[in-house]
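To keep things clear, I will list the structure first and then write my remarks on it.
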Amino acid sequence: MSLLPEPSTFEKRYSDDEKLASELPDRPITSLRDLQYVYGRLYTLATAGGGEYAAYLTPEKSTDLFDEPESLLYLRVDLSGDKPRLDSDQPIGVESYGEEKVEAVAHSWYNAAKGFDHSVTHRTGKNKEPQKVAEYLHERLTAWAADDVIQEAVADHEDGWIVDALAELGEREGRRERIETAVDEQLDGKTTALTTVAVKLEPDGEYLLPGEASSVFNEAMRARKRSKLVSKGEATDSIGEATDLVTGDRGPTVGTAEDPLNYFLGKQLEKFPGFDPDEAWRTHPVSEDVAVTLMNASTFVDACDYYTMGANVYYLPYFFGRLQPTEARELYRMLYAVVREQDMTPIQHVYQQFQNDPALQEYGERFRFYVAAVMEHQTKRFDVFGDTLDGSLLSPVELIGSHIDVLESPLFDVHGDAERDAPELRPAFPAPESWDIFVPSEHALLGTLATGWYFEQTFAPADDDDASADDYRIRALVAVLSGEPLDVEAVLTEYVERLLEDEGDEFPSFRVSAQYAQLCALAEAGLLTGRDAYEPVAEPRQLTHNHTDDMQQDTPARADGGDVAAARETKLEQFLEQTPALGEEQPERRGSFLLGALVGHVTGYQQVSEGRSTTLIDQYPIKAVTESKLKRLASDVLDKNIVYSRENNMAGTMYSEVVDRLVTTLPQIDIDGDWELDTTDLRFYYSLGVAYGMNNWASSDDEQTDDQPAAEEEEA
């Protein structure tokens with residue numbers, strides 16, 4: 001059960017702008033800590049209110065006890081007389097714990113394995129016997145009230161005598177047995193409960209729970225919490241006088257605050273050379289109140305992260321600049337939805353709200369995200385990289401929009417033959433429905449991108465199952481979520497490494513097709529950057545949606561294949577013209593592509609027309625293509641194509657649209673001179689050509705019908 005109120009309730013509770021503004025930071029969000037503080041503040045306001053001690057309370061730790069019978073047990077301690085005593089008639093109070101008692105009970109949880117809770121209120125373990133419950137109750141008087149930290153904290157408090165009286169009562173002989181008897185009489189077996197005290201301060205007064213009786217209980221609780229903030233891990237007393245990095249106030253700062261993102265941990269000595277945990281209050285100075293508020297951000301922070309490829313990706317929305325009350329309500333609404341609905345990534349959630357909420361759209365550029373990937377490479381050891389406060393929702397959305405444009409262009413067959421203008425000739429590349437990256441749906445693709453699956457389908461997998469900072473898939477994901485361009489050379493390296501892994505019994509046409517769709521989308525969205533020879537690859541294609549119309553123009557039938565060959569000619573011409581990376585001024589890359597295209601064509605011919613299991617691509621796999629071998633391989637493939645052309649009694653050579661361009665491109669390549677193309681680049685465009693050629697077949701009937709007249713004409 002979540003304690004978070006509905007956004008409408010939150011808005012009603014904090015409808016006063018001036019009151020809400022007083023609870024918010026008075027400066028812009030300029031760091032991750034600022035953002036975490038805002039999240040923690042909103043969570044505290046929503047669950048425990050805006051009181052002085054609200055940030056220390058942990059009502060979310062016991063929501064499972066709400067409305068359960070016997071879930072709140074307390075010692076009834078009468079302090080109205082000369083000496084403290086248990087109520088003689090009813091020493092134990094037993095009730096059902098509920099949301100309305102959260103502030104009164106004032107529970108501040110602490111890891112049970114490390115000791116009792118910070119507050120006088122303590123949660124028992126699950127299903128405890130009455131005897132154990134009695135022990136917990138007795139410890140409210142002994143372990144808690146007599147604790148040195150608590151005794152020191154209440155020494156100067158005007159109601160410190162209350163805690164002293166509890167400790168005095170706990171030292172009395174027979175108290176534990178009396179409590180055990182009372183618990184046995186009132187409990188009906190095992191229970192899980194909050195155990196605490198209720199004190200009567202006036203002879204005619206009522207028994208009051210800690211949050212109702214006196215601030216001394218909360219002051220003691222805060223002091224104990226502080227003691228843990230300065231002595232965690234390797235630190236023994238990390239506290240000093242410094243400027244709080246969130247509030248800017250000068251005062252006591254603590255050094256070992258917990259961090260929901262594991263960004264700053266006292267144990268990370270290797271990340272902070274020479275780091276002295278006891279001096280952490282200097283390097284990461286936050287006041288005690290701020291430290292607790294940062295910890296309270298965990299519910300929202302955890303909801304805004306998801307696990308993929310061995311790393312936690314954080315995607316935290318916020319408003320740029322100083323947070324205004326209206327924006328705070330919007331942000332709470334957003335975070336509430338992410339917490340409540342776990343079926344989508346935070347990116348999908350936020351975008352869905354963005355689409356449906358005109359008010360949110362009006363914020364425009366002020367709507368930002370903190371994006372980071374955090375990887376645990378050892379227990380309690382974390383690597384953080386690629387983080388930014390400048391993430392934009394529109395960056396991944398624009399990439400998805402570009403991706404859909406690419407898929408719906410004539411390059412890809414996402415709608416099948418029925419919707420193609422020229423069904424006799426297939427689009428340039430295959431687009432199988434079973435691959436998520438070929439589904440032209442904004443919602444589906446956004447999910448594919450957000451989870452990292454977008455790059456898992458195209459990039460080389462990691463060397464092992466453990467996450468690594470060298471995993472470029474993670475870097476790419478963080479970059480596109482942040483709107484940072486990827487280096488095209490690195491992207492092509494990932495592509496080719498994946499293809500070499502995939503290359504086995506069959507050529508990975510689908511993989512190449514997916515990579516090309518992604519490459520085009522990244523370039524179109526401005527998320528690719530390249531230098532020198534790579535610069536053209538980073539340029540977007542000139543996408544058109546009418547080249548099938550062009551293919552239906554009155555292009556004369558070609559002697560080497562009739563109308564289908566003429567359509568292939570038009571398609572290849574347009575593909576080359578619209579692809580900056582394959583321009584005539586790029587002969588090395590263009591030649592690689594054309595060689596691959598011819599290999600793909602002939603391979604398709606061998607498979608379809610000759611039924612051969614071993615084809616040309618088996619003879620010339622991706623790994624066999626290098627700069628020094630390119631011309632020789634091209635010569636071999638051209639010879640093979642001529643042999644097939646003669647065997648079919650064709651007037652010209654098969655696939656002359658490729659052959660003609662290949663033989664004019666190859667002489668432009670100076671293999672012994674200034675070869676500029678990297679082997680990786682060469683192999684990717686060779687693979688692209690193979691995929692293009694293999695998918696560029698017409699139905700056997702169409703091919704046969706178109707080819708036959710030409711051959712007969714030649715024979716006549």
Side-chain angles (χ1 to χ4, degrees), residues 53 57-59 61-81 84-110 112 116-125 128-147 150 159 162-170 172 175-202 205-218 220-221 224:
Y53 305 102
L57 305 184
T58 57
K61 295 294 184 184
S62 299
T63 55
D64 59 317
L65 301 181
F66 282 177
D67 303 324
E68 293 293 322
E70 300 178 344
S71 55
L72 175 61
L73 282 78
Y74 49 89
L75 297 173
R76 291 162 56 90
V77 182
D78 186 350
L79 301 179
S80 62
R85 63 184 181 90
L86 289 176
D87 187 278
S88 55
D89 297 327
Q90 188 183 352
I92 305 295
V94 181
E95 295 182 14
S96 173
Y97 178 57
E99 189 170 357
E100 73 283 358
K101 291 188 173 66
V102 165
E103 193 171 348
V105 168
H107 179 219
S108 181
W109 180 86
Y110 183 57
F116 53 81
D117 290 346
H118 298 310
S119 56
V120 66
T121 302
H122 178 84
R123 180 180 167 123
T124 71
K128 292 299 180 184
E129 299 282 356
Q131 185 178 8
K132 192 65 178 176
V133 173
E135 180 180 332
Y136 285 128
L137 285 167
H138 185 241
E139 286 178 348
R140 304 305 91 216
L141 307 178
T142 54
W144 188 85
D147 180 77
I150 291 170
D159 290 333
I162 296 177
V163 176
D164 292 339
L166 294 178
E168 178 186 340
L169 181 61
R172 262 183 231 166
R175 288 306 89 190
R176 178 165 178 169
E177 291 76 8
R178 178 70 184 96
I179 294 172
E180 287 179 355
T181 300
V183 170
D184 272 336
E185 291 173 352
Q186 297 197 54
L187 275 192
D188 190 22
K190 296 180 180 178
T191 190
T192 307
L194 291 174
T195 56
T196 187
V197 297
V199 296
K200 185 166 78 171
L201 303 177
E202 301 293 338
E206 298 179 351
Y207 284 96
L208 303 174
L209 290 167
E212 302 168 321
S214 170
S215 63
V216 71
F217 287 105
N218 283 331
M221 172 266 291
R224 191 163 190 283

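In what follows, every heavy atom counts, from backbone to side chain, and hydrogens, waters and symmetry copies are set aside.
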Report the C-alpha separation of Y207 and V197 in whole Å, then their side-chain angles, then the decisive distance to 0.1 Å, and conclude whether the side-chain contact (heavy atoms from CB on, under 4.5 Å) test is met. CA-CA 9 Å; Y207 284 96; V197 297; over 6 Å; no
Does any donor atom in the side chain of S119 or S108 lie under 3.5 Å from an acceptor atom in the other side chain? no
Test item: T191 side-chain N/O and A193 main-chain N/O as donor-acceptor pair under 3.5 Å: no
Heavy-atom side-chain contact between W144 and D147 under 4.5 Å: no
How close do K61 and R123 get, heavy atom to heavy atom, and via which atoms? O-NH1, 3.0 Å
Quick one: do L57 and M221 satisfy side-chain contact (heavy atoms from CB on, under 4.5 Å)? Show the steps, please. CA-CA 9 Å; L57 305 184; M221 172 266 291; 4.0 Å; yes
Rounded distance (nearest 0.5 Å) linking atom CD1 of I92 with atom CD of E180: 10.5 Å
I would like to know whether L201 and I162 meet side-chain contact (heavy atoms from CB on, under 4.5 Å); could you show each step before the answer? CA-CA 9 Å; L201 303 177; I162 296 177; 3.9 Å; yes
Below 4.5 Å, heavy atoms only, C-beta onward: do I179 and L86 meet side chain to side chain? yes
In terms of heavy-atom contacts, does CD of E135 have more than 12 from other residues, nucleotides or ligands at under 6.0 Å? yes
Would the distance check show the side chain of S96 and the main-chain N or O of E68 forming a donor-acceptor pair, the cut-off being under 3.5 Å? yes
For the side chain of Q186 and the backbone of V94, is there at least one donor-acceptor N/O pair under 3.5 Å apart? no
Tell me, do V105 and L209 make a side-chain contact under 4.5 Å, heavy atoms counted? yes
Using modelled atom types and a 3.5 Å cut-off, is there a donor and acceptor pairing between side-chain atoms of H122 and backbone atoms of T195? no
Take atom CD of E206 as the centre, draw a 6.0 Å sphere, and report whether it contains more than 12 heavy atoms from other residues, nucleotides or ligands. no
Nearest heavy-atom neighbours spanning S62 and L194: OG-CD2, 3.6 Å
Check: R76 side chain, G93 main-chain N or O, donor-acceptor pair, under 3.5 Å: no
Kindly say whether Y136 contributes a backbone atom to a donor-acceptor pair with the side chain of R140 at under 3.5 angstrom? yes
For A106, is there any backbone N or O sitting under 3.5 Å from a side-chain donor or acceptor partner on N218? no
Kindly write out the residues that satisfy ring-ring contact (aromatic ring centres under 6.0 Å, His included) with H107, not counting sequence neighbours, or none if the list is empty. none
Nearest non-hydrogen partners of P210 and T196, listed with the distance: CG-OG1, 3.3 Å
Which pair of non-hydrogen atoms, one from V102 and one from P59, has the smallest distance, and what is that distance? CG1-CB, 3.5 Å
For residues L169 and L75, determine if any side-chain heavy atom of one lies less than 4.5 Å from a side-chain heavy atom of the other. no
Within the side chain of T142, is there an N or O that forms a donor-acceptor pair under 3.5 Å with the backbone of H138? yes
Output yes when a side-chain donor or acceptor of T124 lies under 3.5 Å from a complementary backbone atom of V133, and no otherwise. no
If the test is ring pair (Phe, Tyr, Trp, His ring centres under 6.0 Å), which one of W109, F217, Y110 qualifies with H118? Y110
Closest approach of G189 and P130, non-hydrogen atoms and distance? O-CG, 3.7 Å
How many angstroms lie between atom CZ of R175 and atom CZ of R85, to the nearest 0.5 angstrom? 10.5 Å
Where do Y97 and S71 come nearest, in terms of heavy atoms and distance? N-OG, 2.7 Å
Inspect the surroundings of CD in E202 and state if more than 12 heavy atoms from other residues, nucleotides or ligands are less than 6.0 Å away. no
Pairs where residues 181-196 contributes a residue and the test salt bridge (charged side-chain N to carboxylate O under 4.0 Å, His left out) is met, not counting sequence neighbours: E129-K190
Quick one: list whatever passes salt bridge (charged side-chain N to carboxylate O under 4.0 Å, His left out) with E95, sequence neighbours left out. K101
Would you call V199 and L166 a side-chain contact if the rule is heavy atoms closer than 4.5 Å? yes
Within 45° cone and under 6.0 Å: R224 NZ/CZ vs F116 ring: yes
